[in-house]
Amino acid sequence: MTVTPPDTTPPTTDARVLLIDGHSMAFRAFFALPVENFATTSGQPTNAVYGFTSMLLNLIRDFAPTHLMVAWDVSRASFRTTEYAEYKGTRSATPSEFKGQIPLIHDVLGALSIQHVGIDGVEADDVLATMATRSAEAGAQVLVCSGDRDTFQLVSDRVTVLYPRKGVSDLVQMGPAEVQEKYGVTPERYPDLAALVGETSDNLPGVPGVGPKTAAKWIAAYGGLEGIVAHVGMITGKAGDSLRENLAQVVLNRRLNGLLRDVEVPFSLEDIARGPIDRAAVHEVFDALQFTVLRDRLFQLLPQDEGKEEVASLTLQHERPEPKALGAWLAARGDSIGLEVVGRFAGGAGDAWALAVADADGVGTVLDLTALDPDDDRALADWLADPERTVVVHDAKTATHLLATRGYRLRGVVFDTLLAAYLCHPDQRTYDLDDLAVRYLQRELPRVDEAAADQLALDLTGEGEDLSALARAVAVRELRASLAADVDARGAGGLLESVELPLQAALIAMEDAGIAADLSYLRAIEAEFDSAVERAAAGAYEAIGRQVNLGSPKQLQEVLFDQLDMPRTRRTKTGYTTDAEALAELYAKTGHPFLEYLLAHREAIRLRQTVEGLLRSVAPDGRIHTTFQQTVAATGRLSSADPNLQNIPIRTEEGNRIREGFVVGEGYECLLTADYSQIEMRIMAHLSEDAGLIEAFRSGEDLHRYVGSRVFGVAPADVTSAMRAKIKAMSYGLAYGLSAFGLSRQLGIEVSEARGLMDDYFERFGGVRDYLTGVVDDARRDGFTETILGRRRYLPDLLSDNRQRREMAERMALNAPIQGSAADIVKVAMIGVQRELAERELGSRLLLQVHDELVLEVAPGERTEVEAIVREQMAGAAELSVPLDVSVGVGRSWREAGH
DNA sequence: AGCTCGACGTA
DNA sequence: CGTACGTCGAGCTG
């Protein structure tokens with residue numbers, strides 16, 4: 001134990017000291033917040049950390065403490081357990097999910113520069129009692145935050161206890177008056193009362209038949225426990241007898257519940273004065289915990305520039321080129337320029353109003369694009385379009401679109417910090433420049449207001465927003481080196497340069513092009529689906545004799561399980577499922593007409609919704625411009641949003657009608673679709689090197705028929721359609737980590753049969769089994785999986801001791817190389833198609849990508865050549881040990897062109 | 001207004 | 001108790 005330093009703090013009447021019992025508050029937070037709602041994406045539970053931090057921030061906000069300290073229980077053992085082995089003996093073991101969060105709370109406290117301590121042999125409350133006493137003696141106002149009522153004995157004019165009534169957000173302030181009011185005794189006498197009444201949570205039994213009222217009465221009569229003990233013979237009645245029988249326990253209770261006020265705490269009052277927080281550490285810790293909201297709350301609490309001195313190190317020089325001098329100024333900037341475009345872009349249209357440019361020396365400017373001198377405008381256009389001058393951008397796809405809205409063409413993008421960050425951390429959902437700056441530059445983007453402008457010695461009259469654009473341009477430029485190093489260290493340098501960056505150019509062109517929509521056709525089927533919705537709803541209402549909201553699972557559950565008393569379905573978090581599968585089952589069991597109408601309603605409303613969404617997103621040019629997101633899917637796939645054109649219905653006839661609304665645009669000959677057949681199984685064959693599976697693809701026989709003939713030991717011609725269906729489900733399931741249970745459920749067969757099927761499969765295709773187990777083993781060892789192009793997915797959860805999370809990670813490990821390699825191949829194909837179309841100066845163009853399918857718009861007379869290009873580029877996108885089979889279709893609509 | 005949840009479309 | 005996405009309405013929270 002450390003020796004107590006002399007307390008040199010002079011009495012300070014304006015000091016406000018906040019003392020927190022860490023364990024007690026964290027434990028309350030743990031139970032107040034559902035653990036399933038608070039976890040990082042990697043599965044680390046954070047409910048206790050969150051609740052604790054949130055409470056801490058509230059306290060700091062509400063009480064503005066000048067001094068702050070947290071005390072921890074080191075172990076259950078203390079002088080109290082030595083004296084009384086049963087002390088707190090009824091407490092069950094702390095859940096492991098809670099224990100793991102304590103070090104995380106330590107990290108939070110560290111980042112916030114809050115002193116915290118645990119002292120062997122005493123409890124946290126003894127530490128708090130000691131500090132409270134010292135602080136009060138020094139003249140400070142003290143707040144003690146603890147869930148242990150024993151702390152009430154500390155209450156005085158100077159000391160208030162904050163006691164959680166419920167959870168961690170509802171704290172009640174206990175001053176002398178409140179203690180007196182609630183217990184009928186003064187704070188000093190509270191432990192006497194507790195000794196008599198007992199404390200269940202500490203496993204201290206009280207006197208049977210004596211509650212707080214009796215105890216308070218005796219304390220009043222005899223002046224306290226000492227007086228009661230001295231006069232124990234005088235107390236009459238049953239309670240008196242009971243007291244005499246249990247007197248030893250009461251005396252023991254009193255010895256145990258008295259808090260120590262002279263523990264050798266290694267902090268003086270001065271030591272726990274609130275210091276400046278470590279901003280970088282806060283970012284690091286809150287990043288890791290994924291506490292974005294709390295981080296914002298924290299920074300709002302702080303003086304604007306606290307801990308921000310490092311901002312000054314951001315070299316940034318703002319210049320204002322004279323009118324007509326922009327061309328010369330830009331020419332002097334050299335290479336590796338950071339760019340930031342300010343504007344808005346969505347659905348194929350938008351506007352850009354400012355452009356920030358920063359060079360390698362941190363010299364930069366912010367241009368108002370709405371008010372450029374015509375000469376400067378031309379100079380800027382030439383400079384932006386110059387492919388020789390290299391630029392670095394964060395999200396170059398959006399920047400390019402934005403600049404295009406003002407007629408500028410952006411070329412020479414050699415690095416995109418967004419794409420780089422995605423390759424390094426594919427599981428993150430967002431890659432904000434601010435976060436990257438903190439992570440890679442250990443620096444914050446300056447919050448640019450007038451004060452910051454002064455600090456940066458910026459000569460500015462413009463908008464604050466423009467200034468932050470300049471800071472972002474500088475940050476982007478500076479980020480290039482660190483991110484490039486990280487990308488290379490992760491073996492993704494080739495992917496960035498040869499795949500993601502060139503692909504970005506293709507995506508820009510695709511988004512610009514959009515796909516033509518047949519407006520009148522879509523409106524017609526919208527009306528049709530609408531009346532189908534009405535019909536189904538009317539039928540459903542009639543069947544149950546009332547109107548309900550058919551779109552509300554909650555109301556549906558009332559109808560199905562309460563009103564109609566149907567058998568309960570599978571449980572969900574909030575009740576019983578009403579999904580289509582369960583409804584179909586219920587229909588088979590009950591034949592109730594409501595279910596038929598409900599299912600019809602679901603389908604119709606869904607179709608109507610899809611069409612409505614599409615109609616809403618048709619741009620003035622009559623086309624739908626989706627956004628392909630290149631940095632969202634952890635496996636490397638693209639995703640499509642606003643609207644999502646990768647989930648347009650195809651399986652049902654009704655759904656397929658929607659595809660008729662996507663048509664060839666004016667001036668073009670037809671749509672062409674090209675898709676890979678069974679690309680994932682082919683990748684499986686390639687990666688596993690399973691001779692049987694490779695042979696299956698080389699034989700030219702139908703894959704599932706071939707595999708089925710091997711598994712069931714019959715001639716391919718004798719594989720029944722039922723056998724084929726089982727094999728197909730099985731083959732695809734393997735790539736997702738399907739279990740025998742899952743397979744049995746999907747096929748509606750016994751688990752044993754499913755297991756037998758899997759065994760037979762692996763018997764014949766042992767290479768597949770070896771590959772699948774090997775992939776997980778390797779990933780466990782390396783911490784990541786890899787695709788054929790070296791795209792990684794990091795899976796730390798493979799080592800989790802939580803079974804559910806571990807098994808989830810194992811399935812991800814099985815799937816990521818397969819889905820991700822397919823994504824790699826399609827991306828390479830897209831780049832090849834785009835390149836060939838450009839080199840041959842064809843008018844045809846890529847429009848969409850749907851994971852294993854490309855949709856192109858063919859210019860008149862180019863059909864044959866385009867088909868040849870697409871086939872060649874797609875089939876040749878990777879050299880696998882099995883051929884890559886491509887099928888092509890053409891037509892005036894997406895449906896016709898499909899197969 | 002902003003969030004989560006259930007449901008469901010695609011590969 | 002099969003992966004990867006995006007979108008919608010309902011219903012809750014602030």
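Lettering of chains follows the sequences in order, A, B, ..., and the numbering in each one begins at 1.
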**Prompt:** At under 4.0 Å between heavy atoms, what does A:Gln629 touch on the DNA or RNA strands: base, sugar-phosphate, or nothing?
**Reply:** sugar-phosphate
Whole-Å distance, A:Leu583 CG to B:dA7 P, equals 9 Å
Quiz item: Heavy atoms under 4.0 Å, any strand shown: does A:Ala634 hit a base, just sugar-phosphate, or nothing?
Solution: sugar-phosphate
query = Quick one: do A:Arg637 and A:Glu680 make a salt bridge, cutoff under 4.0 Å?
reply = yes
Rounded to whole Å, the CG-C1' distance (A:Leu550 to B:dA7) equals 14 Å
TODO: Would you tell me if any nitrogen or oxygen in the side chain of A:Thr635 comes within less than 4.0 Å of OP1 or OP2 on C:dA4?
DONE: no
A:Arg602 has its side chain closest, among C:dG2, B:dC8, B:dG6, to B:dC8
Looking at B:dA7, I'd like to know if its phosphate oxygens (OP1 or OP2) sit under 4.0 Å from a side-chain N or O belonging to A:Thr578. yes
To the nearest angstrom, the CG-C1' distance between A:Asp852 and C:dT3 comes to 14 Å
ask   = Within 45° of the ring axis of A:Tyr576 and under 6.0 Å from its six-membered ring centre, is that where the NZ or CZ of A:Arg571 lies?
value = yes
Taken to the nearest whole Å, CG/A:Leu747 to C1'/C:dG2 is 12 Å
So what does A:Arg793 touch, heavy atoms closer than 4.0 Å: a base, only the sugar-phosphate, or nothing? sugar-phosphate
Closest of B:dT10, C:dC5, C:dT7 to the A:Ala641 side chain is C:dT7
- Query: B:dA11 phosphate, OP1 or OP2: any side-chain N/O from A:Arg651 under 4.0 angstrom?
  - Reply: yes
Separation of C:dC5 atom C1' from A:Asp427 atom CG, nearest Å, is 13 Å
Out of C:dT3, C:dG2, B:dA7, minimum distance to the side chain of A:Met808 belongs to C:dT3
Note to self: Tell me whether A:Glu653 is salt-bridged to A:Arg895, with the criterion being a basic N under 4.0 Å from an acidic carboxylate O.
What the structure shows: yes
Once base and sugar-phosphate atoms are separated, protein heavy atoms under 4.0 Å mark nucleotides 8-13 of chain C, 5' to 3', with B, S and - as SSSSS-
Short N-O contact, A:Glu526 and A:Arg523, less than 4.0 angstrom: no
Ranking A:Pro643 and A:Gly737 by the position along DNA chain C of their nearest nucleotide, the one closer to 5' is A:Gly737
Name the nucleic acid region contacted by A:Leu814, choosing base, sugar-phosphate or nothing; use a 4.0 angstrom heavy-atom cut-off, strictly under.
nothing
Looking only at C:dG2, B:dA7, C:dC5, the nucleotide nearest the A:Thr577 side chain is B:dA7
Looking at A:Asp702 and A:Arg724, does any basic side-chain N land under 4.0 Å from a carboxylate oxygen? yes
Pair A:Ser739, A:Arg811 - check side chain to side chain donor-acceptor pair (under 3.5 Å), show working.
CA-CA 10 Å; A:Ser739 65; A:Arg811 291 192 294 273; over 6 Å; no
Pairwise P distance, C:dC1 and B:dC5 [rounded to whole Å] = 15 Å
So does A:Glu500 pair up with A:Arg791, basic N to acidic O under 4.0 Å?
yes
Rounded to whole Å, the CD-P distance (A:Gln746 to C:dT3) equals 12 Å
Between NE2 of A:His851 and P of B:dG9 the distance, given in whole Å, is 16 Å
Review point. Can we say A:Glu585 and A:Arg570 salt-bridge, meaning some charged N sits less than 4.0 Å from an Asp/Glu carboxylate O?
Key: no
Quiz item: Relative to the ring of A:Tyr422, is the ring of A:Tyr431 parallel (under 30°), tilted (30 to 60°) or perpendicular (over 60°)?
Solution: perpendicular
Practice item. Check if the side chain of A:Asn644 and the base of C:dG6 share a donor-acceptor pair of N or O atoms closer than 3.5 Å. Key: no
Taken to the nearest whole Å, CG/A:Asp797 to P/C:dT3 is 13 Å
Please determine whether a side-chain nitrogen or oxygen atom of A:Thr610 lies at a distance below 4.0 Å from atom OP1 or OP2 of B:dG9.
no
Of the candidates C:dG2, B:dA7, C:dA4, the side chain of A:Arg637 sits closest to C:dA4
According to a strict under-4.0 Å criterion, is A:Ser739 in side-chain N/O contact with OP1 or OP2 of C:dG2?
-> yes
Picking from B:dA11, C:dG6, C:dG2, the nucleotide nearest the side-chain atoms of A:Arg429 would be C:dG6
Which of C:dG2, C:dC1, B:dA11 is nearest the side chain of A:Ile650? It is B:dA11
Using a 4.0 Å heavy-atom cut-off, does A:Ala580 contact any base of the nucleic acid, only the sugar-phosphate backbone, or nothing at all?
sugar-phosphate
